[in-house]
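Throughout, a chain's letter reflects where its sequence line sits, starting with A, and its residues are numbered from 1.
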There are 2 protein chains.
Amino acid sequence: MLPYEHFGYIGPMTDSPNDVTPDRLCKADALPPSDQHAQQYAAVRNAHETELLEDYVELIADLLEHQGEARSTDIAARMGVSQATVSKTVTRLKSLGLVSSKPYRSLFLTEKGEAMAAMSHQRHAIVLQFLRALGVSDRTARIDAEGMEHHVSQETLEIMQRYTREQGHRDV
Amino acid sequence: MLPYEHFGYIGPMTDSPNDVTPDRLCKADALPPSDQHAQQYAAVRNAHETELLEDYVELIADLLEHQGEARSTDIAARMGVSQATVSKTVTRLKSLGLVSSKPYRSLFLTEKGEAMAAMSHQRHAIVLQFLRALGVSDRTARIDAEGMEHHVSQETLEIMQRYTREQGHRDV
DNA sequence: CCTACAAGTTAACCTTGGCTAAAATAGTGT
DNA sequence: ACACTATTTTAGCCAAGGTTAACTTGTAGG
Ligand SMILES: [Mn+2]
Ligand SMILES: [Mn+2]
Ligand SMILES: [Mn+2]
Ligand SMILES: [Mn+2]
């Protein structure tokens with residue numbers, strides 16, 4: 001069931017970027033202080049709380065823009081998930097005030113939902129364009145961006161933006 | 001509860017890397033075909049199935065290396081989670097054949113667990129070093145890497161490695 | 001108009017990953 | 001040996017995100 005029977009091979013690689021390991025070859029790198037380490041994991045758990053919501057509102061906004069309406073059938077197809085699952089998640093989105101709809105009708109975003117969609121879309125685009133600028137293939141960049149986007153801080157986003165901009169001016 | 005009341009501001013930014021939008025200013029960018037889009041989300045769901053396991057075995061390996069033993073108290077402290085939660089997750093890790101221990105004793109990794117820990121550690125290190133090479137601060141890089149690592153494909157990992165290596169030779 | 005079929009909802013179930021509170025075990029010091 | 005403390009486990013709770021199967025509603029054709 002779990003896809004971890006095969007561990008995809010990661011070419012030749014040592015622990016440090018340049019092979020030599022100049023100073024201390026003892027004790028790899030030490031663990032960060034316990035409380036800081038805990039905050040790292042907490043940040044990840046935090047991101048997990050909102051990522052599905054972000055993907056939903058982003059997708060709903062895209063459907064509204066590109067097809068004129070957001071039907072839960074389309075969401076189910078695009079998310080690769082059953083309609084029942086979409087229905088339940090939409091209930092949650094409504095209870096959070098992100099989405100509005102009348103029963104058996106198609107979906108709309110509230111102001112708050114639109115704001116979240118806009119932020120998510122922008123962040124998603126920055127990550128995707130950055131990966132492409134790095135040289136990642138379109139297909140892979142889309143897959144990686146879909147997951148990475150939820151774990152990229154403001155600081156990193158700005159650096160990615162700058163890299164993409166400069167890289168775009170350099171060669172193309 | 002949900003931390004999405006405030007939307008962290010992302011500086012001035014338009015949709016395309018260079019501001020001008022040369023050709024089509026109509027219709028942003030189109031949605032990918034439905035089945036491809038579904039595969040993106042499926043890949044993310046897939047990563048979510050293993051990421052906690054990966055973090056656990058990685059942490060257990062680190063504790064074994066740096067402290068000589070892996071006690072569930074330490075794991076709980078480092079993960080920022082209750083001991084009961086650790087106990088339950090460890091049960092799952094054991095049932096998956098990744099961890100072994102006798103009741104009330106500290107933890108060890110099986111062969112399989114060590115293999116997973118080694119892969120995860122390596123991938124984590126590549127992502128962390130890449131972020132630092134990009135110019136992200138240590139603290140932020142650690143936080144982002146903790147989440148991103150689980151969503152970075154082989155292809156992207158190799159590109160990150162190459163970037164880090166070249167960047168390391170360029171200035172430093 | 002009414003009937004089929006498509007679309008949406010609900011019910012019942014499952015696993016994961018959190019929690020608290022209480023019970024069991026291990027280890028330590030006197 | 002025994003009692004106290006720290007550690008680990010268990011039990012019972014919860015929410016999220018998934019499933020299938022059955023039910024309801026909307027809509028388009030004849
Ligand atoms: Mn997105
Ligand atoms: Mn996403
Ligand atoms: Mn890791
Ligand atoms: Mn991680």
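You'll find that the side chain of B:Gln83 is closest to D:dT9, out of C:dG18, D:dT9, C:dT9. Out of C:dT16, C:dA7, D:dC13, the shortest distance to the side chain of A:Thr73 is found at C:dA7. The side chain of A:Ala84 lies closest to D:dT20, out of C:dT25, C:dG18, D:dT20. Among D:dT19, D:dC13, C:dT9, the nucleotide with an atom closest to any side-chain atom of A:Lys88 is D:dT19. Comparing atom distances between the B:Thr85 side chain and each of D:dT19, D:dG17, C:dC19 picks out C:dC19 as nearest. The side chain of A:Arg92 lies closest to D:dA16, out of C:dA26, D:dA16, C:dG17.
If you check every strand for non-hydrogen atoms under 4.0 Å, A:Ser72 touches sugar and phosphate atoms only. Backbone-only contact: B:Val81 has heavy atoms under 4.0 Å from sugar-phosphate atoms and none from a base.
As a whole-Å value, the separation of A:Tyr104 OH from C:dG8 P is 10 Å. Going from atom CZ of A:Arg45 over to atom P of D:dG17 covers 16 Å, rounded to whole Å. Here the C1' atom of nucleotide C:dG17 and the CD atom of B:Glu49 are 14 Å apart, to the nearest Å. Between B:Lys102 atom NZ and D:dT7 atom C1' there is a gap of 18 Å when expressed in whole angstrom units. Remark: C1' of C:dG17 and CG of B:Leu96 are 14 Å apart, rounded to the nearest angstrom. One can place CE of A:Met79 at 11 Å from C1' of D:dG18, the figure rounded to the nearest angstrom. Atom pair B:Tyr56:OH and C:dG17:C1' shows a separation of 9 Å (rounding to whole Å applied). Taking atom CD of A:Glu69 as the reference point, atom P of C:dA6 lies 17 Å away to the nearest angstrom.
Between A:Gly80 and A:Arg105, the residue anchored closer to the 5' end of DNA chain D is A:Gly80, taking for each the nucleotide with the nearest heavy atom.
Salt bridge annotation for A:Glu114-A:Lys112: absent, with no cationic side-chain nitrogen under 4.0 angstrom from a carboxylate oxygen. A:Asp74 and A:Arg78 are not joined by a salt bridge, as no carboxylate oxygen comes within less than 4.0 angstrom of a charged side-chain nitrogen.
Residues B:Leu64 and B:Leu107 have side chains not in contact (no heavy-atom distance under 4.5 Å, counting atoms from C-beta outward).
Only one option out of B:Thr91, B:Val90, B:Leu96 pairs with B:Lys94 in a side-chain contact (heavy atoms from CB on, under 4.5 Å); it is B:Val90.
Looking only at distances, no side-chain donor or acceptor of A:Thr164 sits under 3.5 Å from a matching main-chain atom of A:Ala133.
OP1 or OP2 of D:dT19 has at least one side-chain nitrogen or oxygen of A:Ser82 nearer than 4.0 Å. Considering only side-chain N and O atoms, B:Arg71 lies nowhere under 4.0 angstrom from the phosphate OP1 or OP2 of D:dT7.
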